[in-house]
Amino acid sequence: MQIARVALPVPIDRLYSYTVPEAMRTWMRPGRRVIVPFGKRKLAGVVMEEGAESDIKGFQARDILDVDVTLPPLPEELLALTRWVATYYMCAWGEALRAALPPGSASAKARTRVQMVAMVDYNEEGPEALPRGDRQRAIIEQMRIWHTSERTPVPQQEVLAECGGTAATIRRLADLGYLFVEQEERDRFLEERSDIETSSRPTLHPAQKKAVDAACVALRAGRFETFLLHGVTGSGKTEVYLRVLEEVRVQGQTAIVLVPEIALTPQTVRRFRARFGDDVAVLHSRMGDGERYDAWRGIGEGRYPIVIGPRSAILAPLKNPALIIVDEEHETSYKQFDPAPRYHARDVAVVRASRNNAVCMLGSATPSLESLANAREGKYTLLEMPERVPVAGRPARLPRIRIVDLRNEPELRGSSDVLSRPLLEGIDARAQRGEQTILLLNRRGFAPVMECVDCGWSPECPDCSVSMVYHRPLNHLRCHYCGITQPPPRACPSCSGRDLAFQGTGTQRLEAELASRLPEVRVLRMDMDTTSGKGSHDDILDQFGKGKADVLLGTQMVAKGLDFEKVTLVGIIRAEAGLQLPDIRAEERAFQLLVQVAGRAGRADLEGEVILQCLDPGHPVIQFALKHDYEGFAQYALSTRSMLTYPPIGRMVSILFSGPDDAATAEAAERYRRLLDNHLPDVDRLGPSPAFIHRLKNRYRYNIVLKVSDGVPASRVREGLRSAEKALGSLPHSIRLTIDVDPAGLS
Ligand code: ADP
Ligand code: ZN
Ligand code: ZN
């Protein structure tokens with residue numbers, strides 16, 4: 001290849017042509033990662049195709065600077081898939097490809113190459129007599145011992161650490177014929193792996209068997225089919241994944257398993273490794289760049305037929321996956337916001353499966369309304385597991401849920417304490433019996449939402465059915481979807497109470513309150529602060545699992561995928577936290593979280609209990625959670641969404657303008673809105689209005705939200721947005737326009 005057309009991670013949708021230096025020609029092919037000059041910068045890109053002389057006519061084409069020959073070229077299928085991602089999520093192809101490169105090697109400066117280590121071996125045919133120098137003699141004596149016990153070759157570093165000396169000493173001994181030194185590739189990924197334990201393979205119960213069979217039929221037929229596995233917490237979904245994966249392996253095929261980052265606990269990993277051993281590559285964000293690079297390389301070379309990882313693993317360079325599993329498919333962490341591509345890994349999973357005639361399996365105890373709607377329309381096949389796996393022959397029950405109405409807890413009145421008497425008593429009783437408690441404090445709830453202390457009322461937008469947010473500087477309430485504003489009420493319109501406030505408390509405060517109320521109880525805290533170090537998240541869970549604490553207290557992190565036998569109580573500090581957020585999915589998320597966290601209680605043979613503290617026990621979301629009633633909740637939520645053509649009934653596209661100057665940014669957004677009147681007249685629109693976070697990192701932000709009804713094809717919306725953008729002309733350099741297709745929430 002003499003001329004290469006390269007995709008680069010710049011927000012311009014085109015390929016760039018470069019000349020290929022003589023020495024690189026044999027290596028150059030589509031899918032290769034290359035480093036190229038771009039203006040005054042260097043960028044990492046991917047070769048997409050061979051170019052022709054005509055591509056470089058009329059300008060001085062520059063040479064490719066470097067080609068990564070150790071990373072296998074991206075497969076054709078991934079090149080096509082990233083093209084789809086770029087088109088659908090409206091970014092440059094190079095930006096989408098960046099997500100398919102090993103995380104950490106997407107920048108030109110990345111020094112994540114194959115690492116070589118010098119390995120030292122003993123030469124049996126070398127001189128008999130020991131060398132003269134003390135150092136040299138010590139090394140040869142030690143090497144002879146290692147050699148007899150079959151421990152050679154030994155990394156040079158280890159030899160030097162044991163015997164002293166320098167690399168020159170070893171080189172000298174090699175010259176004298178005592179030793180061989182060879183450079184060997186080091187796999188940083190392999191070195192990080194844990195040991196494999198074995199586990200038993202339980203007999204499937206009937207609902208599990210039905211699900212496994214359905215997936216295997218499609219798998220054997222090589223037919224694309226998406227299954228929505230709706231199973232309550234503890235119904236054995238993971239076991240279903242494992243069995244379908246077994247079928248994939250029997251057929252010698254490959255699979256991707258997506259899990260939320262937060263659920264990538266040693267517990268989960270162990271279950272997969274126990275079944276598939278070294279066939280599994282586990283990716284997670286706590287890996288170093290070198291490790292990721294080696295993992296990616298191993299996957300590309302076909303050494304790991306099963307890849308488990310968070311969002312980004314959907315673009316792993318696995319060849320022709322036959323199965324893609326998305327666990328906890330409702331999780332919003334599957335959607336990427338920054339940087340581009342702003343993709344939703346669950347939706348990309350379905351697309352990748354369809355392009356490979358593969359099976360896609362989406363699992364959840366609380367499926368997203370989007371997936372539920374797809375199942376109802378017949379696009380996905382619904383598989384249900386409404387019951388928990390029986391324990392010791394006895395049917396396992398979902399935990400009892402008990403409500404503590406905070407309005408009836410007079411001692412909490414006017415105090416900043418948040419733990420009710422029943423909850424404290426419950427925690428204490430568990431600790432005395434050697435059982436454990438998980439306490440959830442939902443931080444998402446602590447946005448500036450006004451709330452009546454007496455009845456829990458909070459102000460809602462009359463047009464959007466989302467909560468309004470209080471802005472202190474202007475002293476008004478604002479809807480972040482349509483932008484209308486209102487003065488805050490002086491008294492509660494629902495109960496005439498005058499105590500309107502912002503509720504809120506942090507995990508640290510809660511920890512202190514526990515320490516003063518129940519000094520004997522041992523507490524572990526899990527939140528952003530305590531889990532920032534590498535491995536600290538796992539350490540906390542490990543300690544809790546070993547019974548070193550009675551209470552695990554934390555934010556959402558404590559809600560996901562944890563399976564501890566001794567946990568018999570789950571306490572939710574404020575069940576309605578998060579409900580009032582100005583987000584169309586606020587209720588859905590709050591419901592999902594309540595159900596997920598409640599599912600942590602009583603998973604083994606001990607019965608579980610959940611204590612829900614709240615101010616508004618009558619709220620429909622709380623009532624549905626109380627009854628474990630997903631269907632009822634879905635019905636309720638879908639009717640609101642349908643009334644307002646919000647997803648899944650319509651689609652949304654969010655356009656964000658941001659810039660350092662408030663007025664100029666607002667003006668640009670407003671100008672764009674007027675252009676949309678001409679370029680997309682048939683699409684409903686909200687805004688521009690100030691974004692939920694109006695000022696972020698010193699930039700002012702304005703949102704326009706498109707509500708696209710089903711009849712309007714996505715391609716038309718893209719064309720309209722692009723032509724409006726063109727008509728807008730070049731913006732002042734500091735103002736940025738960001739398009740987010742199918743946004744997950746607030747921006
Ligand atoms: P989920 O993923 O739906 O929350 P899990 O797959 O974690 O459920 O299963 C819950 C528990 O039941 C786990 O400890 C698992 O090992 C066990 N389990 C799953 N399926 C079976 C089965 N068929 N027989 C016995 N135990 C099972
Ligand atoms: Zn009130
Ligand atoms: Zn509104």
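Here the structure is a predicted model, which means the values were calculated and not measured. Numbering of ligands and ligand atoms starts at 1, following listing order.
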_Looking at E331 and R346, is there a salt bridge between them, counting it only when a charged N and a carboxylate O are closer than 4.0 Å?_
no
*Aromatic F337 / basic R342 pairing, under 6.0 angstrom, 45° off normal*: yes
*Taking only heavy atoms of T238 into account, list the atoms of ligand 1 that are under 4.0 Å away from them.*
2 (O), 6 (O), 7 (O)
*May I ask you to check if ligand 1 and G236 share an N or O to N or O distance below 3.5 Å?*
yes
*Would you check the N or O atoms of G234, main chain and side chain alike, for any that come under 3.5 Å of an N or O of ligand 1?*
yes
*Atom CZ in R589, atom OG1 in T366: separation rounded to 0.5 Å?*
12.0 Å
*Taking side-chain hydrogen bond (donor to acceptor under 3.5 Å, both in side chains) as the test, write out the residues that go with D327, two or more places apart.*
Y241
*Could you tell me which atoms of ligand 1, counted from 1 in the order shown, lie closer than 4.0 angstrom to a heavy atom of V232?*
3 (O)
*Between H230 and Y630, is the gap from one ring center to the other below 6.0 Å?*
yes
*asked:* Within ligand 1, which atoms have a heavy atom of T203 less than 4.0 Å away?
replied: 22 (C), 23 (N), 24 (N)
*Nearest to atom 15 (C) of ligand 1 by heavy atom, E239, R271, Q208, R201: which?*
R271
*Compute the minimum heavy-atom distance from S235 to ligand 1 and say whether it is under 4.0 Å.*
yes
*Ionic contact status for R275 with E239, cut-off 4.0 Å*: yes
